[in-house]
Structure formats: C-alpha cells, structure tokens
2 protein chains.
Amino acid sequence: MNYTRDNMAGLLRGHEINPTHQRIEIAHALFSRQEHLSADQVMAAVNTRHSETSKATVYNTLKLFLEKGLVREVIVDPSKVFYDPNTTPHHHLYEVDSGKLSDIDAGSVQISGLPPLPDGMVTEGIDLIVRVRRQP
Amino acid sequence: MNYTRDNMAGLLRGHEINPTHQRIEIAHALFSRQEHLSADQVMAAVNTRHSETSKATVYNTLKLFLEKGLVREVIVDPSKVFYDPNTTPHHHLYEVDSGKLSDIDAGSVQISGLPPLPDGMVTEGIDLIVRVRRQP
DNA sequence: TCGCGCGATTAGACAAAGTCCAGATTGGAC
DNA sequence: GTCCAATCTGGACTTTGTCTAATCGCGCGA
C-alpha cells in the first residue's frame with residue numbers, strides 16, 4: 001500500500017472529508033507510519049520543519065477522522081488517547097512500562113459467551129486490551 | 001456483605017494498608033456503593049458534610065489501594081479513570097452516551113486464540129470493554 | 001506525662017491534555 | 001477579482017492529576 005500525500009486526498013474524499021492541506025498532512029502522518037499516535041505525536045510529526053498546523057486543528061481533525069470512521073480511538077493510558085489508522089477489527093497489546101502499543105490480529109481470537117445487551121442498545125465496539133509488563 | 005466503616009479497617013489491614021481515618025472513609029465510599037467511581041466522585045462522596053479529605057490524599061490513597069490490589073483501575077473514558085472495588089476477574093459494559101459503567105461477569109465469557117506473549121513479558125491483565133450506545 | 005520520630009495529610013502551585021472562541025485565512029464559484 | 005462558507009489559528013480556559021514543603025497526629029520510650 002502506498003500512502004503518499006496524493007493518495008491521502010482520495011482517501012479523505014472517500015470518507016466524505018474535504019481534503020485540505022492540514023488534513024492531508026495529518027492523515028499522511030498517521031497512515032504512512034501505520035502506528036498508534038497520540039494527538040501530541042501527530043502534532044510533532046506534522047510540525048517538524050516549521051510550525052504549520054495549530055493544536056486546535058490537530059484535535060478537530062482527529063475528532064473528524066474518528067467520526068467519519070477513518071481512524072479508531074484506543075484508550076489504554078489514562079493520560080492520552082491514541083489514534084489507530086487500522087480500522088479493521090483487531091485487538092491491542094499494551095506494554096505498561098514502555099507505553100508501547102501494538103495490534104493483535106482479530107482473526108484467531110474468539111470471544112464467546114457475552115451476555116445480551118440491555119434493551120435498545122447497540123454495540124459500538126468491543127475493545128480487548130492485553131496489558132503486559134516486562135518480567136521482573 | 002457488610003461494608004461498615006469498622007469492617008473497612010480490617011479490610012485495609014488485610015491488604016497491608018495502615019487504616020487511617022481518611023483511608024477508611026475512602027474505602028467505605030467505594031465498597032459500600034459497590035460502584036465504579038472516579039477520583040472526583042470519591043472526593044465528593046467523602047466530603048459531603050464539610051471538607052474532610054484533601055485532593056492529594058484522595059489521589060494518593062486511590063493509587064495506594066491500586067498497588068495493594070484492593071481496587072482495580074478501569075480505563076474507558078479518556079477524561080477520567082474509574083476505580084472498581086470488584087477485583088474478581090470480570091469485564092465491563094460502557095454506555096458511551098450516559099457514561100454508565102457496569103460489570104460483565106467473567107464466568108460465561110470465553111476468550112481464546114490469543115497469540116503468545118513477547119519474550120520476557122507477563123500478563124498484567126486482560127481488559128474487555130463492550131462499548132454500547134442507545135439505539136438512534 | 002512529655003516529647004520524639006515518622007508516616008500521613010494538607011493547601012496550593014504546577015503540568016499536561018484537551019476544549020472553546022472570536023477573528024483571520026483560504027479556496028472554489030461566479 | 002469578489003464573495004462566501006468552510007476552515008484554521010492563537011491563546012485563554014478547564015479539567016484531571018502531580019508535586020512539594022510544611023504541618024499534623026499517633027505510638028512509643030523515658
């Protein structure tokens with residue numbers, strides 16, 4: 001897969017997002033890395049040379065991407081939210097001491113026996129997080 | 001089960017925690033309710049009549065309880081951490097719009113097919129969170 | 001009983017993540 | 001080129017949580 005800035009415009013349009021410069025840069029930061037980035041890290045990635053994109057825009061854009069289903073939110077650390085460019089069903093492995101976050105393919109994992117949902121509720125998502133720590 | 005303040009002292013001692021007034025009050029707030037409370041809510045619960053316990057003590061104490069295995073941390077909402085007096089294995093149901101958090105008994109739920117852990121890592125915990133939303 | 005030592009508590013300053021707003025900028029349509 | 005709506009921006013603000021230095025209070029030995 002080729003995550004050039006040019007391809008980003010199409011990706012954004014495909015999700016009903018008006019592709020502006022800033023949005024393309026932010027999408028590029030996330031998708032070219034294929035990693036889990038926090039808002040801070042996105043901001044740093046986008047503003048490497050000189051300050052180009054404001055904090056407000058980074059937050060607004062990440063929220064927009066989230067609403068439009070372009071990225072996923074991963075909540076594992078109380079201090080910051082991570083954004084995940086991989087929106088296919090999968091789980092997460094979180095290394096508590098290093099803060100490293102990686103994907104667990106959903107293919108082989110089976111979750112069964114979940115109780116029925118309360119009336120009038122629909123599932124928004126199922127998050128499975130395996131927290132690990134380096135052996136002492 | 002009877003979660004009186006008197007019993008709290010024993011509970012704390014059983015976990016190698018020196019039972020002070022403030023710690024007893026905080027434990028009582030959590031265990032008598034048997035609910036998921038945020039630090040803010042604990043503080044409010046403990047200081048209903050007149051201010052009795054400082055913010056620093058609430059945070060210190062919750063962290064202490066966590067280390068000593070008296071409570072569990074539940075990270076579902078980026079804006080605040082919840083503390084769970086139920087430390088038996090179980091999962092969580094989170095109602096996104098209301099912020100309501102409830103337990104899912106682990107008994108009937110089966111998770112299988114998790115990949116092996118990276119070398120030298122030990123599992124600290126597995127969090128399964130079902131996010132639901134009121135049907136539109 | 002007195003005072004000592006030490007763990008626990010406190011107020012308040014501070015830090016970091018995220019939100020909000022009013023004004024400036026941009027870029028497409030005409 | 002002009003206009004307009006959408007977008008972006010700096011900076012003030014809020015909230016959650018941390019830190020620190022001073023104080024408190026309780027057990028214990030003399």
Side-chain angles (χ1 to χ4, degrees), chain A residues 5 8-9 12-13 15-30 36-47 49-68 70-71 73-84 96 99 101, chain B residues 5 8-9 12-13 15-30 36-47 49-68 70-71 73-84 96 99 101:
Chain A
R5 284 175 176 76
M8 289 301 104
L12 294 180
R13 278 196 209 91
H15 285 261
E16 300 180 311
I17 298 170
N18 195 357
T20 65
H21 286 208
Q22 289 87 341
R23 290 171 182 174
I24 288 174
E25 281 306 309
I26 292 172
H28 180 72
L30 280 163
H36 308 82
L37 298 183
S38 66
D40 260 30
Q41 293 174 313
V42 169
M43 190 143 46
V46 160
N47 292 334
R49 324 197 135 251
H50 15 70
S51 186
E52 289 151 10
T53 303
S54 72
K55 185 168 65 150
T57 298
V58 169
Y59 278 99
N60 287 343
T61 301
L62 288 171
K63 195 184 283 181
L64 178 69
F65 284 5
L66 187 64
E67 284 164 8
K68 297 296 189 181
L70 193 61
V71 300
E73 215 177 24
V74 186
I75 303 171
V76 285
D77 182 313
S79 74
K80 57 184 63 176
V81 173
F82 288 97
Y83 293 88
D84 187 346
V96 173
L101 183 61
Chain B
R5 283 176 178 72
M8 288 303 102
L12 294 180
R13 276 194 212 92
H15 287 259
E16 301 180 310
I17 298 169
N18 194 357
T20 65
H21 289 288
Q22 290 87 340
R23 290 171 180 176
I24 289 173
E25 282 306 309
I26 291 171
H28 180 72
L30 280 163
H36 308 81
L37 298 183
S38 65
D40 260 30
Q41 292 173 314
V42 169
M43 189 143 46
V46 161
N47 291 335
R49 325 196 136 252
H50 15 70
S51 186
E52 289 152 9
T53 303
S54 72
K55 187 170 59 152
T57 298
V58 170
Y59 279 98
N60 288 343
T61 301
L62 288 173
K63 195 184 283 182
L64 179 68
F65 285 5
L66 187 64
E67 282 164 9
K68 297 295 190 181
L70 193 62
V71 300
E73 214 177 25
V74 186
I75 302 170
V76 285
D77 182 311
S79 74
K80 56 183 63 174
V81 174
F82 287 96
Y83 292 88
D84 189 346
V96 174
L101 183 61

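So you know, we letter chains A, B, ... as the sequences are listed, proteins then strands, and number each from 1. In this text, all values refer to a predicted model and were calculated from it rather than measured experimentally.
Of all nucleotides in DNA chain D, those with any atom nearer than 4.0 Å to a heavy atom of chain B start and finish, going 5' to 3', at dT16(D) to dC19(D).
The CZ atom of Arg5(B) sits 12.0 Å away from atom NE2 of His21(B), with the distance rounded to the nearest 0.5 Å. Rounding to the nearest 0.5 angstrom, the gap separating the OG1 atom in Thr61(B) from the NZ atom in Lys68(B) is 13.0 Å. Rounding to the nearest 0.5 Å places CG of Leu64(B) at 9.5 Å from CD1 of Ile26(B).
At least one side-chain heavy atom of Leu30(A) sits under 4.5 Å from a side-chain heavy atom of Leu62(A). Looking only at side-chain heavy atoms (C-beta outward), His36(B) and Tyr83(B) stay at 4.5 Å or farther from each other.
Residue contacts for Thr57(A): at a heavy-atom cut-off of 4.0 Å it reaches a base atom on one of the strands shown.
Checked by atom type and distance alone, the side chain of Asn47(B) pairs as donor or acceptor with a backbone atom of Glu52(B) at under 3.5 Å. A donor-acceptor pair is defined here as one N or O able to donate and one able to accept, closer than 3.5 Å; such a pair exists between the side chain of Arg23(B) and the backbone of Asn18(B).
Distances shown here put a side-chain N or O of Asn18(B) below 4.0 Å from the OP1 or OP2 atom of dA8(C).
When only modelled atom types and interatomic distance are considered, Asp40(B) and Ser38(B) share no side-chain donor-acceptor pair under 3.5 Å.
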Per-nucleotide protein contact string for nucleotides 16-30 of chain C (B base, S sugar-phosphate only, - none; heavy atom under 4.0 Å) = -SBBB------S---
